[in-house]
Amino acid sequence: MARSTQLLLACLVYVCFQTLSLVSAGRQRYQILSAGDEAMLQGTWSSGSGRVVTGAGFFDPRTRSFTPPNVPGTAYSFTRDGFWEFAKYRVTPNPRKPQCITSQLIWQHGSYLLHSNGTIQLYPIAREGAQLLTSSCEEDGGNTRPEEMYDVSEEYTKVDTWIDLHHGVPSAAIRLTDAWGNRSPMLWKIYDPPMMLPTDAMYLEYIGIP
Ligand SMILES: *[C@@H]1O[C@H](CO)[C@@H](O)[C@H](O)[C@H]1NC(C)=O
């Protein structure tokens with residue numbers, strides 16, 4: 001009896017110690033990024049279960065077509081030398097017609113600047129990105145609208161990073177916060193070096209637009 005109590009106590013102490021060291025590791029590594037921290041930003045960061053990933057598995061620039069992931073989500077990739085890529089898959093039910101589901105696929109890439117005040121600006125390469133909107137209901141305008149050009153710059157006033165448990169494994173996370181305080185979902189680092197398409201202008205070369 002005394003022995004098992006002792007064992008239980010030892011286990012509790014161990015668990016407490018592990019938790020504490022993880023928390024302090026997380027605290028130690030909490031950081032708000034600014035100019036000079038590009039190496040910490042490098043990688044592919046994906047929301048939720050990490051099924052949405054930038055790169056050729058999401059968007060084919062040659063055919064300008066998407067491969068929808070199994071589940072919705074968002075991914076950003078960054079290189080330490082200033083390039084960025086974005087992939088998003090969003091599914092929205094129509095509140096008036098619950099049987100009608102709209103899906104949105106977005107891909108774009110370009111260059112970024114991380115400033116000394118912590119603001120990050122993401123500049124897309126013009127006319128390279130794509131958006132595809134699909135509705136499951138004919139009356140919502142047919143199945144699939146044609147793919148559209150998409151190039152929308154983004155700006156966030158804060159990029160913070162920390163270590164947290166993700167599926168039981170200590171992993172790096174980032175979050176992007178805009179000037180209105182809207183925060184992106186937590187994005188987990190799933191690849192470093194990042195999984196990305198070529199970072200230069202590629203589409204215009206393929207189809208020969210000057
Ligand atoms: C931070 O600095 C950049 C570059 O000078 C500027 O464009 C941006 O507006 C600044 N952000 C804030 C929140 O002041």
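Ligands are counted one by one from 1 in listed order, and the atoms in each one are counted from 1 as well.
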Practice task
Would you please test R64 and M149 for side-chain contact (heavy atoms from CB on, under 4.5 Å) and show each step?
Solution key: CA-CA 10 Å; R64 296 191 64 76; M149 295 276 186; 3.9 Å; yes
Exercise for the section: Please write down residue, atom name and distance for the protein heavy atom closest to atom 7 (O) of ligand 1. Expected result: Q121 NE2, 3.5 Å
Problem - Y112/F78 aromatic ring centres below 6.0 Å - result: yes
Exercise for the section: Among all protein heavy atoms, pick the one closest to atom 9 (O) of ligand 1 and tell me residue, atom and distance. Expected result: E155 OE2, 4.3 Å
Exercise for the section: In plain terms, say whether E38 and R80 are close enough for a salt bridge, that is, a side-chain N and a carboxylate O under 4.0 Å apart. Expected result: no
Problem - Backbone N/O of A172 and side chain of H166: donor-acceptor pair under 3.5 Å - result: no
Problem - Pair E148-Y150, side-chain donor/acceptor within less than 3.5 Å - result: no
Handout entry: Distance from atom 5 (O) of ligand 1 to nearest protein heavy atom, with residue and atom
Key = H115 ND1, 4.4 Å
Exercise for the section: For atom 2 (O) of ligand 1, find the nearest protein heavy atom and state the residue, atom name and distance (0.1 Å precision). Expected result: N117 ND2, 2.3 Å
Exercise for the section: Give yes if a backbone or side-chain nitrogen or oxygen of T119 is under 3.5 Å from a nitrogen or oxygen of ligand 1, and no if not. Expected result: yes
